[in-house]
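Side chains are part of it too, since the values below use all heavy atoms of this structure and drop only hydrogens, waters and symmetry mates. By convention in this document, chain letters (A, B, ...) are assigned in the order of the sequence lines, proteins followed by strands, and residues within each chain are numbered from 1.
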There are 2 protein chains.
Amino acid sequence: MPDSADTLKTGDSWLVRPAPDDPHLTRRLAGQDHEGASVDIAVVEERPLTLFLNGQEIVTVMTIGDRPEDLAVGYLLNQNMLRDDDEILGVEYDDDIEVVVVRTARQTDFEEKLRKKTTTSGCAQGTVFGDIMESFDETVLPADARLQTSWIYALSKAINLTPSLYLAAGAIHGCVLCHRDKPLIYMEDVGRHNAVDKIRGYLHVNGIGTADKILYTTGRLTSEMVIKTVQMGIPILISRSGFTAWGVELARRAGLTLIGRAKGKRFVALSGLDRLVYDADPNQVPEEDRRHRRKSVEDQDAEART
Amino acid sequence: MPDSADTLKTGDSWLVRPAPDDPHLTRRLAGQDHEGASVDIAVVEERPLTLFLNGQEIVTVMTIGDRPEDLAVGYLLNQNMLRDDDEILGVEYDDDIEVVVVRTARQTDFEEKLRKKTTTSGCAQGTVFGDIMESFDETVLPADARLQTSWIYALSKAINLTPSLYLAAGAIHGCVLCHRDKPLIYMEDVGRHNAVDKIRGYLHVNGIGTADKILYTTGRLTSEMVIKTVQMGIPILISRSGFTAWGVELARRAGLTLIGRAKGKRFVALSGLDRLVYDADPNQVPEEDRRHRRKSVEDQDAEART
């Protein structure tokens, strides 16, 4: 288990939580603030990691550097370069040269796919292949999944209050796999697609199902975020941020429940409304205290004055 | 001049402003809000655009779809696939098939470079090549450039109050090229790298110099954002958002002035401090009214209740 994640065995629903205290994930840097005072602030790391599938170099991504094995496996699965039924013989990470090699029984040549590479909007690893849309259209999401509005509020609150790199240093995306009103797996990274790929990798390695899960992201609901959620077989996607039109179009095509702008009592659902169960009184939900959500960063700035 | 941008001839410093009223850039979509009420909200478009350099297909990016010619030229320049001294024979955009072809006098084969492709953190087109770091290290930024803190405050205010797709629909990044305390070129896109590439393209096509300019971005100060700013020869980069450690490292290596977390009276400078001139009293700067900045979106939600 990497330093960079804290897996709780009992008494808590968490499987993976952020590791804001991991010295490998943030650095303190000295500068000057708006009053000309010396400050040193916590800044997230950003490192190159090169992914190999067997003999083939696939891509170099920029990542905070935690969980390279989960990131590699999840990336390859989300790119359809690995199939769920592929036998993974081993995943080797060499932190000296920042390389991860995933070895499989099945050999494939990806030159052709790599030439068809498409860079999409959204963050790092914004890469899809033509054949991803085929598998997208074949995916059938569970119709019986439900989303109680009380879960949206409970999840937002739990995630906002969980110690994280975001609260410690900012400038980072988070993705959280949830079950009902409980967050289970909270991954952070400089690119939110790294975060969702790390979740995919963790789920695959640990054999965790997705049909009854909810994906929460701090990032925007772009086409790529929707495609990855559907590929993972997750029926519900929630974001604090907004939508793109193609993201909504794809969500409707796949029957994905898509909730955006989820802050405080507010949210907007633009797809998969039939799964929504209104069991909470929005007027009982307090507005988010933005100062609290940012406090840790601003306190650091203040305390760091020298 | 594309529909999607408003070029002012006189009486205003603006060369390019956002076009929130352009019907091609947003769409109204119907859904349901936190109270179960029907709403329809403005959502930004996201379309594929495939870039060709002469006979070579380079990449397909997701973009809002304005200024495809600027995006294509700027992308190719920022990827070092085009050189500033290359003669561009023509830029052809076909909106039926969403393709842009840039034709140059010099022919090059990019197969080798495409194999060295690196996907980096940050948003769409997160792609750099090994040789970009070489040109990065060769770039010398003007030492005599200055940044008065009063300009930071004036620019933030002007950009926040300028009608934009962000204010109309959210879920979009903005990049603004500025001169002293005046914003000149404000580009928005679903990926902030599209926005900065469109600025690079516009500058190249219109022969505008960068040595005395400032780049303002709504996005994070990642390695790629710093690399592109330095490649463009811009000595100062300002963001509302935070830093990554490698972004700061590269800024210090290049002598780029790097200002982050610029909100209200607050900012933090982590590189190129010698260019900073403290000529404003931060306590005279009002904190940003977050409600104002978000009002347009929330009003739309409210007004759209049917």
Side-chain angles (χ1 to χ4, degrees), chain A residues 26-27 29-36 39 41 43-48 59-63 114-115 117-127 149 169-171 190-191 194 220-224 241-248 261 265-271 273 276 278 282 290 301, chain B residues 26-27 29-36 39 41 43-48 59-63 114-115 117-127 149 169-171 190-191 194 220-224 241-248 261 265-271 273 276 278 282 290 301:
Chain A
T26 61
R27 200 188 304 181
L29 293 173
Q32 205 162 286
D33 75 0
H34 56 285
E35 291 171 331
V39 292
I41 62 170
V43 173
V44 292
E45 292 290 348
E46 182 192 11
R47 318 183 155 88
V59 71
T60 298
V61 300
M62 301 305 302
T63 169
L114 287 170
R115 287 205 304 98
K117 193 177 251 184
T118 297
T119 302
T120 62
S121 62
C123 288
Q125 295 151 274
T127 304
T149 56
V190 283
N194 296 3
R220 292 168 296 153
L221 298 166
T222 60
S223 57
E224 183 167 15
S241 304
F243 309 86
T244 69
W246 199 35
V248 175
R261 302 185 184 174
K265 69 178 180 183
R266 308 180 63 88
F267 66 79
V268 179
L270 290 187
S271 172
L273 305 183
L276 263 179
Y278 286 82
R290 286 201 175 82
D301 296 356
Chain B
T26 60
R27 201 188 303 182
L29 293 174
Q32 204 162 288
D33 75 0
H34 56 285
E35 291 171 331
V39 293
I41 62 171
V43 173
V44 292
E45 292 290 348
E46 181 192 12
R47 320 182 155 86
V59 71
T60 298
V61 300
M62 300 304 303
T63 170
L114 287 169
R115 286 204 307 99
K117 194 175 248 185
T118 297
T119 301
T120 62
S121 62
C123 286
Q125 297 152 274
T127 304
T149 56
V190 284
N194 296 4
R220 293 168 296 154
L221 298 166
T222 60
S223 56
E224 183 167 19
S241 303
F243 308 85
T244 70
W246 200 34
V248 175
R261 301 185 185 177
K265 69 179 181 183
R266 307 180 65 88
F267 67 79
V268 178
L270 291 186
S271 173
L273 305 183
L276 263 178
Y278 285 82
R290 287 199 175 82
D301 296 358

Restricting to non-hydrogen atoms, name the atom on [X] and the atom on [Y] that form the minimum distance, rounded to 0.1 Å.
| X | Y | answer |
| --- | --- | --- |
| B:Val190 | A:Arg220 | O-NH1, 2.5 Å |
| A:Val43 | B:Thr244 | CG1-C, 3.3 Å |
| A:Val44 | B:Phe243 | CG2-O, 3.8 Å |
| B:His34 | A:Lys265 | CB-O, 3.0 Å |
| A:Ser223 | B:Glu46 | OG-OE2, 2.8 Å |

Top of B:Ser271, B:Ser241, B:Ala245, B:Gly247 for chain A proximity - count of heavy-atom pairs under 4.5 angstrom: B:Ala245
Pick one of side chain, backbone, both or neither for [X], based on which atoms fall under 4.5 Å of a heavy atom in chain B.
| X | answer |
| --- | --- |
| A:Tyr278 | side chain |
| A:Leu29 | both |
| A:Val248 | side chain |

How long is the span from the OG1 atom in B:Thr222 to the CE atom in A:Met62, to the nearest 0.5 Å? 8.5 Å
Approximate separation, where rounding is to 0.5 Å, of A:Ile41 CD1 and B:Arg261 CZ: 4.0 Å
Less than 4.5 Å to any heavy atom of chain A: does that hold for the side chain of B:Leu270, its backbone, both, or neither? both
